Amino acid sequence: MDKIDILTKFYVTKDYENLKENLLYSKKPLELEYLARIYLEEKDYNKAASIYKSINKLYEYGRCQLLLGNYDEAKSVWKNIAEDTPPLLWGRSMLEFINLYVINVPTFFQIRAFLEVDLDALLKAGQIKFCENIVNGAHLLAQNNQESYKFIARVFVNNSYFDLAELFLKRAKDICYVDPEVHFLLAKCYINAKDIKNAKKCLNTCLEKGYGYYPAKKLLESLN
């Protein structure tokens, strides 16, 4: 398939079923990589892992093993990759958080690039204990990136864990009060709890700090 066609179907139209049919018997590494990503979207982590291994994408293979709950396999795979790329350094550090023995705290940019994506993926994969151990180290992550509490909270909001999200948003508010998104996400928590008064208060603060933050303006209008 043409690369532009693959990208369009994967990112724009999200026509995964049709794209999968076209890539199913491909031998081309790029096409197989997108087939693996479709399987990830479908939560078929075993098939994704098999493809990643066949095209020597070992970081991705290890990540699939983690999504399957195979901590030791992921650790073994990542330990034996020679090149220290940013995703790999993040992954090894994430394993330390999961194991509740942190030596290497991720950098600002590693946290920004990978924390939210991987926490969301682990949550959707049902690896609750892994997620719990990672977020229990939020104070360590926040030492290198103050937005860590917000990143974690956003994952919880997007997955409808509003009570947990509220806990992390209140911590985020103490550190980044001027961040309008913190107040916007907190408003969503209050709406879920049917506390419209506090939701409106948060949205007004969001508009004040965000100079007309459009999502907050739209949500506030719907409440009014």
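All values below were derived from every heavy atom in this structure, side-chain atoms included, with hydrogens, water molecules and symmetry-related copies excluded. Keep in mind it's a predicted model, so treat the numbers as computed, not measured.
A donor-acceptor pair under 3.5 Å links the side-chain atoms of His183 to the main chain of Tyr177, judged by distance alone. One N or O on the side chain of Asp195 and one on the backbone of Asn198 form a donor-acceptor pair closer than 3.5 Å. Distance alone, capped at 3.5 Å, places no donor-acceptor pair between the Asn145 side chain and the Leu141 backbone. At distances below 3.5 Å, at least one donor-acceptor pair connects side-chain atoms of Thr205 with backbone N or O atoms of Lys201. Proximity of a side-chain donor or acceptor of Tyr71 to a complementary backbone N or O of Leu66 within less than 3.5 Å is not detected. Checked by atom type and distance alone, the side chain of Glu96 pairs as donor or acceptor with a backbone atom of Ile103 at under 3.5 Å. Side-chain N or O atoms of Arg92 include one that pairs as donor or acceptor with a backbone N or O of Trp78 at under 3.5 Å. Not one N or O on the side chain of Ser50 forms a donor-acceptor pair closer than 3.5 Å with the backbone of Asn46. Looking at Glu31, its side chain never comes within 3.5 Å of a backbone N or O of Ser26 through a donor-acceptor pair. Remark: side-chain polar atoms of Glu21 are not paired, donor with acceptor, to backbone N or O of Asn18 under 3.5 angstrom.
Interatomic distance, Asn70 CG to Lys75 NZ, rounded to the nearest 0.5 Å: 14.5 Å. For the atom pair CG of Leu169 and CZ of Phe162, the computed distance is 11.0 Å after rounding to the nearest 0.5 Å. The line from CD of Glu221 to CG of Leu203 is 11.0 Å long, rounded to the nearest 0.5 Å. The distance from the CG atom of Asn136 to the SG atom of Cys131 is 11.0 Å, given to the nearest 0.5 Å. A distance of 8.5 Å separates CG in Leu95 from CZ in Phe130, rounded to the nearest 0.5 Å. Note that the OG atom of Ser148 and the CG atom of Leu115 stand 6.0 Å from one another [nearest 0.5 Å].
Lys53 NZ: 12 or fewer foreign heavy atoms inside a 6.0 Å radius. Other residues, nucleotides and ligands contribute only 12 or fewer heavy atoms inside 6.0 Å of the OH atom of Tyr161. More than 12 heavy atoms of other residues, nucleotides or ligands lie within 6.0 Å of NZ in Lys9, so this atom counts as buried by the packing criterion. In Phe108, the CZ atom is crowded: over 12 heavy atoms of neighbouring residues, nucleotides or ligands sit closer than 6.0 Å. Heavy-atom neighbours of Glu83 CD from other residues, nucleotides or ligands within 6.0 Å: at or below the threshold of 12. Within 6.0 Å of NZ in Lys124 there are more than 12 heavy atoms belonging to other residues, nucleotides or ligands. A 6.0 Å sphere centred on CG of Asp163 holds no more than 12 heavy atoms belonging to other residues, nucleotides or ligands.
Remark: Phe168 pairs with Phe156 by the ring-ring contact (aromatic ring centres under 6.0 Å, His included) rule, at least two apart or across chains. Legend: residues meeting salt bridge (charged side-chain N to carboxylate O under 4.0 Å, His left out) with Glu147, ordered by chain and number and at least two apart, are Lys150.
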List the steps and the verdict of salt bridge (charged side-chain N to carboxylate O under 4.0 Å, His left out) for Glu42 and Lys20.
CA-CA 11 Å; Glu42 295 176 345; Lys20 184 167 66 172; 3.0 Å; yes
Run the side chain to side chain contact (heavy atoms under 4.5 Å, CB included) check on Leu185 and Val182 step by step: do they pass?
CA-CA 5 Å; Leu185 293 170; Val182 171; over 6 Å; no
For the pair Val157 and Cys189, evaluate side chain to side chain contact (heavy atoms under 4.5 Å, CB included) and give the outcome as yes or no after the intermediate values.
CA-CA 7 Å; Val157 167; Cys189 295; 4.1 Å; yes
Report the C-alpha distance between Arg154 and Glu181 in whole Å, list the side-chain angles of each, state the deciding distance to 0.1 Å, and finish with yes or no for salt bridge (charged side-chain N to carboxylate O under 4.0 Å, His left out).
CA-CA 9 Å; Arg154 189 157 56 197; Glu181 190 179 11; 2.7 Å; yes
Where do Leu119 and Leu122 land on the side chain to side chain contact (heavy atoms under 4.5 Å, CB included) test, with the steps shown first?
CA-CA 5 Å; Leu119 183 62; Leu122 286 167; 5.5 Å; no
Could you please spell out the steps behind the side chain to side chain contact (heavy atoms under 4.5 Å, CB included) verdict for Met1 and Lys28?
CA-CA 10 Å; Met1 288 185 69; Lys28 297 178 181 178; over 6 Å; no
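Considering only heavy atoms from C-beta on, Leu89 stays 4.5 Å or farther from Pro106 through its side chain. Side-chain contact between Leu223 and Ile196: present, with at least one pair of heavy atoms (C-beta onward) separated by less than 4.5 Å. By the 4.5 Å heavy-atom criterion applied to side chains, Val77 and Glu73 are counted as neighbours. Considering only heavy atoms from C-beta on, Phe109 stays 4.5 Å or farther from Pro86 through its side chain. Considering only heavy atoms from C-beta on, Pro215 comes within 4.5 Å of Phe184 through its side chain.
By the criterion of side-chain heavy atoms lying less than 4.5 angstrom apart, applied directly or through intervening Ile, Leu, Val, Met, Phe, Trp or Tyr residues, Tyr11 is grouped together with Leu30 in one hydrophobic cluster. At a threshold of 4.5 Å between side-chain heavy atoms, the hydrophobic network of Ile, Leu, Val, Met, Phe, Trp and Tyr places Tyr52 and Tyr59 in one connected group. Cluster membership check: Ile98 does not share its hydrophobic cluster with Tyr101, using side-chain heavy-atom separations under 4.5 Å among Ile, Leu, Val, Met, Phe, Trp and Tyr. Both Phe97 and Leu123 are part of a single hydrophobic cluster, where members link through side-chain heavy atoms under 4.5 Å apart. Hydrophobic clustering, with ILVMFWY side chains joined whenever heavy atoms are under 4.5 angstrom apart, keeps Leu140 apart from Leu100.
Between Asp118 and Arg63 there is a salt bridge, since a side-chain N of the basic residue sits under 4.0 Å from a carboxylate O of the acidic one. Here Glu132 pairs with Lys129 in a salt bridge; the nearest charged N to carboxylate O distance falls below 4.0 Å. Using a cut-off of 4.0 Å between Lys/Arg side-chain N and Asp/Glu carboxylate O, Arg37 and Glu60 are scored as not salt-bridged.
Using a 3.5 Å distance cut-off with no hydrogens or angles, the side chains of Lys200 and Asn224 do pair a donor with an acceptor. Asp120 and Asn158 are not linked by any side-chain donor-acceptor pair at a separation below 3.5 angstrom, with hydrogens and angles left out of the test.
Taking every heavy atom of both residues into account, Gly62 and Ala74 meet most closely at O-CB, 3.3 Å. Residues Val155 and Asn159 come closest through the heavy atom pair O-ND2, 2.8 Å. Ala138 and Tyr149 make their closest contact through CB-CE2, 3.6 Å (heavy atoms, listed as atom of the first residue, atom of the second, distance). Considering all non-hydrogen atoms of both residues, Leu7 and Tyr34 come closest at CD2-OH, 3.0 Å. The two residues Leu67 and Ala125 come nearest to each other via the heavy atoms O-CB, 3.5 Å. Counting all heavy atoms, side chain and backbone alike, Ile191 lies closest to Ala199 at CG1-CB, 3.6 Å.
For Tyr45 and Tyr39, the ring centers are positioned 6.0 Å apart or more.
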